[in-house]
Q: 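Following this message is one structure expressed as structure tokens.
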Amino acid sequence: MAKRWKKILRTAGLVLAGVLLLVLGFASYVYFHKPALKGYIEKTLSKRPGLTVTIGRLDYHLFPFRVTADSVKVVFVNVLGRAEVVIDRAEAAGHFGRVINDRKPYLDSLSASGVRIDFAEDPNSPPSGPIDVKGLARMTSGYLQYVSQVAIKDASVHLGLPVEGMDLAASGVNITGSAGEKDSLALTAGRFDFKNLKPAAVLSAGFSAGLAWTRTDPFSLTGTLDMAARSVSLPDRRWEGSGFGVKAGFQTDGGRLSLDPLALDMPGLLALSGSAGAGLNKDPDITVAADIDFKDLALARKTFAAFLPPDLPDFSVDGRLQWRGEVRRAAAAGAGEISLNGTIRLPASRVTFAQKGMTIDQTLQAEIRIAGGLPDLRAAGMIEGSRGEAVTDSLHATGISFRLPFELSGRLISLRSFTARAGHLDLAASGQKIEVDGASLAGSSRLDTVRRSAVIDSLTVAVPGLGRVAVRGPHSPANIAQQPIEERVRANPPRFS
């Protein structure tokens, strides 16, 4: 019996030794014949329809576990288009024991440098539809469960999207990703060029962004964006804009995107700081709460002249305009409804105006409170003028000043207790010249912006040396012009003092 067991054990030992030698032989072959493994990987991956993979050089070590691949090229073709990825060098490092024991993450790090990505969309492909942010984040998390850290260096990307009417290109792209309680990505691009075909628009910028998202539901995405635009243009309008900067922190939660803080800076022209929010649906409601400072209105008119009506009167404003408040677009069938709630301030600014033989040069300042939206807009405020001058063929007035408090409710404007004064007047009529110093007027009136009509409730005109005349209304300027002077005086006799 003992001899039989010895024979069985000896036979089993020989079989086990043979198996071990085969395993070691195979492992040695794989380890020392790296081109064979490279060919196997290329062949296996390329079995997928439309996918072709080539590897220029493959090197690896098991202890410590490290893999290096040079000159990798991946081409993938399907109904959407053709994608090509070229990688100059890729490196992976981790623990071979984790791979054997199927313990994730397998790799500690994965890096790639000299990456070039090119995608050409098939013009006959179906539209891609809205971007599924949650789906992309979940897919990225699926990859990050195999590797702790990912780094892509010095990449370039080109996306030709004729179906969407866009073309995007980026260079100097660096991406890092890491897994954790929240997976995260950080991305920078030294240059980013965006072209929209209809309507035509071109943007050139550099930017950096950071993203973090939850692995489990409820899904939320947080991040930051810092973009410096070098130029922006709208070829259809033959418009070239200057550079600008955007900084924002953002978060998605419950089907809504929040930007807080939000800052926009166009040097010397405009500055915005505040927050914004929008629904993530096809017809979103949008809210922007911000302080906006138009730093130079003359420069703003010159910069955005292509967007102004062609028949706009010739005027210029040497000053600035400020807004503090909230602008909201509420989703509605057909078109969104815009509403405002805030204050407009015009610090003392010089305004010049010329039209049909009349020129005005006036210093203006104003503060106006606005609430609601059309057609039920409400506003109230004060407009003040000083150091003004007006010139026509028959009049030259200097030292013009006025105060114009008003209220707007829907289509009606109420001008209460307005006053105006001219330091000096030169009037020319019937070959005669009249000079008046210190003429003034005061009164109240109501305007209907829809009917384009006016009612004068009171008006007082005072001329030093000649006296004062006061008229009590209501009077309609149109009716007054059609009524004989005798009837006007009899109906509302003026009072002189």
Side-chain angles (χ1 to χ4, degrees), residues 111-113 115 117 131 133-134 136-137 140-141 144 149-159 166-196 201-214 219-234 240-253 256-278 280 284 286-296 300 303 323-324 327:
S111 64
S113 59
V115 179
I117 301 172
I131 297 175
V133 176
K134 180 179 177 180
L136 289 174
T140 304
S141 292
L144 288 176
Q149 296 284 338
V150 176
I152 299 175
K153 304 174 183 178
D154 192 26
S156 63
V157 180
H158 176 249
L159 305 177
M166 294 185 294
D167 188 274
L168 299 91
S171 59
V173 178
N174 295 287
I175 303 173
T176 58
S178 60
E181 292 185 6
K182 284 189 174 183
D183 295 333
S184 64
L185 283 178
L187 183 149
T188 62
R191 183 181 180 91
F192 172 75
D193 294 296
F194 168 79
K195 294 180 181 179
N196 196 70
V202 180
L203 170 68
S204 177
F207 72 90
S208 63
L211 303 171
W213 62 90
T214 56
F219 175 77
S220 68
L221 174 74
T222 60
T224 59
L225 172 67
D226 188 346
M227 182 175 72
R230 298 179 179 89
S231 65
V232 58
S233 64
L234 301 175
E240 294 283 343
S242 59
F244 61 89
V246 177
K247 293 185 178 182
F250 58 88
Q251 178 177 354
T252 63
D253 194 5
R256 188 168 181 80
L257 171 66
S258 299
L259 302 175
D260 190 9
L262 171 64
L264 167 66
D265 181 49
M266 301 180 72
L269 183 62
L270 180 147
L272 177 151
S273 62
S275 62
L280 297 174
I286 303 171
T287 302
V288 179
D291 293 348
I292 305 175
D293 186 359
F294 290 91
K295 301 177 181 180
D296 189 333
T303 301
W323 161 266
R324 169 173 287 185
V327 180

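For this chain, numbers begin at 1 and follow the sequence in order. Just so you know, these numbers use all the heavy atoms, side chains as well, and skip hydrogens, waters and symmetry mates.
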Q: Minimum heavy-atom separation for V288 and A276, please, with both atom names.
A: CG2-CB, 4.0 Å

Q: On a heavy-atom basis, which atom in A209 and which in L225 lie closest, and how many Å separate them?
A: CB-CD1, 4.3 Å

Q: For G177 and L144, which heavy atoms make the closest approach, and how far apart are they?
A: C-CD2, 4.3 Å

Q: Evaluate the side chain to side chain donor-acceptor pair (under 3.5 Å) criterion for residues S184 and S178: first the C-alpha distance (whole Å), next the side-chain angles of each, then the deciding distance (0.1 Å), finally the verdict.
A: CA-CA 6 Å; S184 64; S178 60; 2.9 Å; yes

Q: Contact between V133 and T252 at the side-chain level, heavy atoms closer than 4.5 Å - yes or no?
A: no

Q: Is any side-chain heavy atom of T303 closer than 4.5 Å to one of L269?
A: yes

Q: What distance do F194 atom CZ and D167 atom CG have between them, rounded to the nearest 0.5 Å?
A: 9.0 Å

Q: First locate atom NZ of K134, then atom CG of L221, and finally report the distance between them rounded to the nearest 0.5 Å.
A: 12.0 Å

Q: So which atom in V115 and which in A112 form the shortest heavy-atom distance, rounded to 0.1 Å?
A: CG2-CB, 3.8 Å

Q: What is the distance from atom CG of D226 to atom OG1 of T188, rounded to the nearest 0.5 Å?
A: 11.0 Å

Q: Quick one: closest heavy-atom pair of A278 and R256, and the distance?
A: O-CG, 3.2 Å

Q: Is K153 atom NZ crowded by more than 12 heavy atoms from other residues, nucleotides or ligands, each under 6.0 Å away?
A: no

Q: Between NZ of K182 and CG of L211, what distance do you get to the nearest 0.5 Å?
A: 12.0 Å

Q: If the test is side-chain contact (heavy atoms from CB on, under 4.5 Å), which one of L264, L270, D265, L272 qualifies with F244?
A: L264

Q: In this structure, are over 12 heavy atoms from other groups packed under 6.0 Å from R230 atom CZ?
A: yes

Q: Measuring only between side-chain heavy atoms, which start at C-beta, is V157 closer than 4.5 Å to L168?
A: no

Q: Quick one: closest heavy-atom pair of G180 and D183, and the distance?
A: N-OD1, 3.3 Å

Q: State, yes or no, whether a side-chain contact exists between L187 and F207 at a heavy-atom distance under 4.5 Å.
A: yes

Q: Contact between M166 and N196 at the side-chain level, heavy atoms closer than 4.5 Å - yes or no?
A: yes

Q: Going by heavy atoms in the side chains, are S113 and D154 under 4.5 Å from each other?
A: no

Q: Please evaluate residues S141 and W213 with respect to the criterion side chain to side chain donor-acceptor pair (under 3.5 Å), reporting the C-alpha separation (whole Å), side-chain torsions for both, the decisive distance (0.1 Å), and the verdict.
A: CA-CA 9 Å; S141 292; W213 62 90; 2.7 Å; yes

Q: Are D193 and K195 close enough for a salt bridge, meaning some N to O gap below 4.0 Å?
A: no

Q: Nearest 0.5 Å, what's the CD1-CD1 distance between I117 and I152?
A: 6.5 Å

Q: Does any non-hydrogen side-chain atom of L262 lie less than 4.5 Å from one of F250?
A: no

Q: Report yes if some heavy atom in the side chain of S204 is under 4.5 Å from a heavy atom in the side chain of R191; otherwise report no.
A: yes

Q: Between T214 and S220, is there a donor-acceptor pair closer than 3.5 Å when you use the side chain of the first and the backbone of the second?
A: yes

Q: For D296, what residues pass the salt bridge (Lys or Arg N to Asp or Glu O under 4.0 Å) criterion, not counting sequence neighbours?
A: none

